[in-house]
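Whatever order the structure lists ligands and atoms in, that order sets their numbers, starting from 1.
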Amino acid sequence: MNVIPNPLEEAGRSGRLADPCVVVIFGATGDLTAKRLVPALYNLGREGLLPTNFALVGFARREKSHEQFRSELKESTAKHSRVKPIDERIWAHFQESIFYHASEFESDDGYAALAQRLKEIDARFGTRGNRVFYLSVQPKYFPVTIEKLHRAGLIYDPHQKDKWSRVIIEKPFGHDLSSANELQQKISNYLDESQIYRIDHYLGKETVQNLLVFRFANSIFEALWNYKHIDHVQITVAEDIGIGTRGHFFEEEGILRDIVQNHMMQLLSLVAMEPPVRLNAASIRDEKVKVLQSIRPMTPEMLERCVVRGQYGEGFIYGEKTAAYREEKNVSPLSAVETYVALQLYVDNWRWAGVPFYLRAGKRLPKKVTEIAIAFKDAPGVLFQKKEMHGDPNVLVIRIQPDEGIAMRINCKVPGPTSPVLPVKMDFRYGSYFGAAPPEAYERLIWDCMVGDSTLFARTDEVEHSWRIFTPVLDHWKASSPSDFPNYRAGTWGPKEATEMIEKEGRAWRLL
Ligand code: BG6
């Protein structure tokens, strides 16, 4: 069997067992619970990673019985579990520990009843008072839920030795810098930073975790990982889907807040960070924060030159006609919300001086692909002149999804006497090498929270610095409504201004 040790495992999984605990999901009737959270818990159970003493409570407003909740979850888990079909025997056992608790998010009585219910569960399941509170609710409910939990005595002193309470907070954490600071200030009245787990599911993806291993366990790349050898970096998060049923949400957020400020900045930080002194949460997060602090603030000139926003019009995806964003459900017919963004950022530190980082994210692009491409500088054009080189500079591609893997484009001589040079690809694919689908991001992250490892969660200063970078962009957009929306057809690679932005600098977006 091929076993490659993962240093993050040392910081996380190794030898550690999750304590007995109850996971309480707020927003238990929502999509995330059905499609991701409960399938993740079921799969943890299936792999023997849930503690023996475990229970799950769903908290939401709608009235329903435990039985109804269980049967709905069974149906959605059967559909969304990474391993199908679900194992009836395992599910039967798992569902015995699932309960439903109906309450308003602002109701003191609802939380008092929850406290009572949790006490009973502790007595029955031996869960010893340990709690994971998962806030999968609209962001406006984050502070009130935490305050009510505190009032009901469900948030413990972080120094308490015999039991713990931890809170997982879904994104978005704030809407811009000031709202994120305000939220932080409110929740820190009740929670210590060590109890807060700000989730960014990109950090739970295997390929994202592998970035650190790839960079710091391979000496060949680390030596080249700087401005002397790297021409530029491209990060792409392309999705073929539109906004589906999330019109309300997307009208509030836009893609900059939804994808760039969190997921893409996590990718950028891991690519650009210095080696941490240790593989623990504090050291890794310290280094990531330094990257965010080094990002050049957007000047008015950069806001014009380095930022492009777009919104999809109607078009075709895989041959099927699709609607324009402005025609989607719960979207304003005059919406100015962006569904595409391309950016050019600079990390102004010693390692990355002068190296542009190009980022693009979009909905309704031709396909789903997330990747990081490191484009190296040209070899000196002394021996092989440009005209003989049908190839390009070397590119290292880290494919986050799909086809998780790592590919290196190198130039090669074509057999025969005329010797043209052509690029070829060395390709490593997780799927074919390890032969199994990696665990879902939420499995890893919920498990990490249960064992108390916050390495793969965003710390307050990461969130703050990330908002600091993008708040000027959001303000600029707010002040100037786009006159050309929709400016790209669904099923294309975004607005022409994004192509021009990178081409002006003598570079091009990768063809994916
Ligand atoms: C979520 C965004 O955080 O990430 C969605 O809210 C997006 O808009 C999703 O579709 C993408 O996640 P993944 O894991 O499919 O890349």
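- Protein heavy atom in closest approach to atom 14 (O) of ligand 1: K205 NZ, 2.6 Å.
- When only interatomic distances are considered, the shortest N/O to N/O separation between T370 and ligand 1 does not fall below 3.5 Å.
- With a 6.0 Å cutoff to the six-membered ring centre and a 45° limit on the axis angle, R36 does not count as a cation-pi contact of Y442.
- Annotation: Y197 is not in aromatic contact with Y134 [ring centroid separation under 6.0 Å not met].
- Without hydrogens or angle criteria, Q234 side chain to A508 main chain gives a donor-acceptor distance under 3.5 Å.
- Close approach of ligand 1 to R246 is summarised as follows: ligand atoms under 4.0 Å from at least one heavy atom of the residue are 2 (C), 5 (C), 6 (O), 8 (O).
- The pair R468-E464 meets the salt-bridge criterion, with a side-chain N (NZ, NE, NH1 or NH2) lying under 4.0 Å from an Asp/Glu carboxylate O.
- Closest to atom 4 (O) of ligand 1, if we only count protein heavy atoms, is H201 CE1, 3.3 Å.
- More than 12 heavy atoms of other residues, nucleotides or ligands shown are found within 6.0 angstrom of NZ on K84.
- Within the 4.0 Å heavy-atom shell around ligand 1 one does not find F250.
- At the top of the distance list for atom 8 (O) of ligand 1, counting protein heavy atoms only, stands D258 OD2, 2.6 Å.
- Scanning K368, E239, Q401 for the heavy atom closest to atom 15 (O) of ligand 1 points to K368.
- No side-chain N or O of T207 forms a donor-acceptor pair with one of N210 less than 3.5 Å apart.
- Counting the atoms of ligand 1 from 1 in the order shown, those under 4.0 Å from a heavy atom of K363 are 5 (C), 7 (C), 8 (O), 10 (O).
- Of the listed residues (R82, E443, K79, H80), just one forms a side-chain contact (heavy atoms from CB on, under 4.5 Å) with P39, and that residue is H80.
- Of the protein's non-hydrogen atoms, the one nearest atom 3 (O) of ligand 1 is H263 NE2, 2.7 Å.
- Residue-ligand proximity, K171 to ligand 1, at heavy-atom distances under 4.0 Å covers atoms 1 (C), 2 (C), 3 (O), 6 (O).
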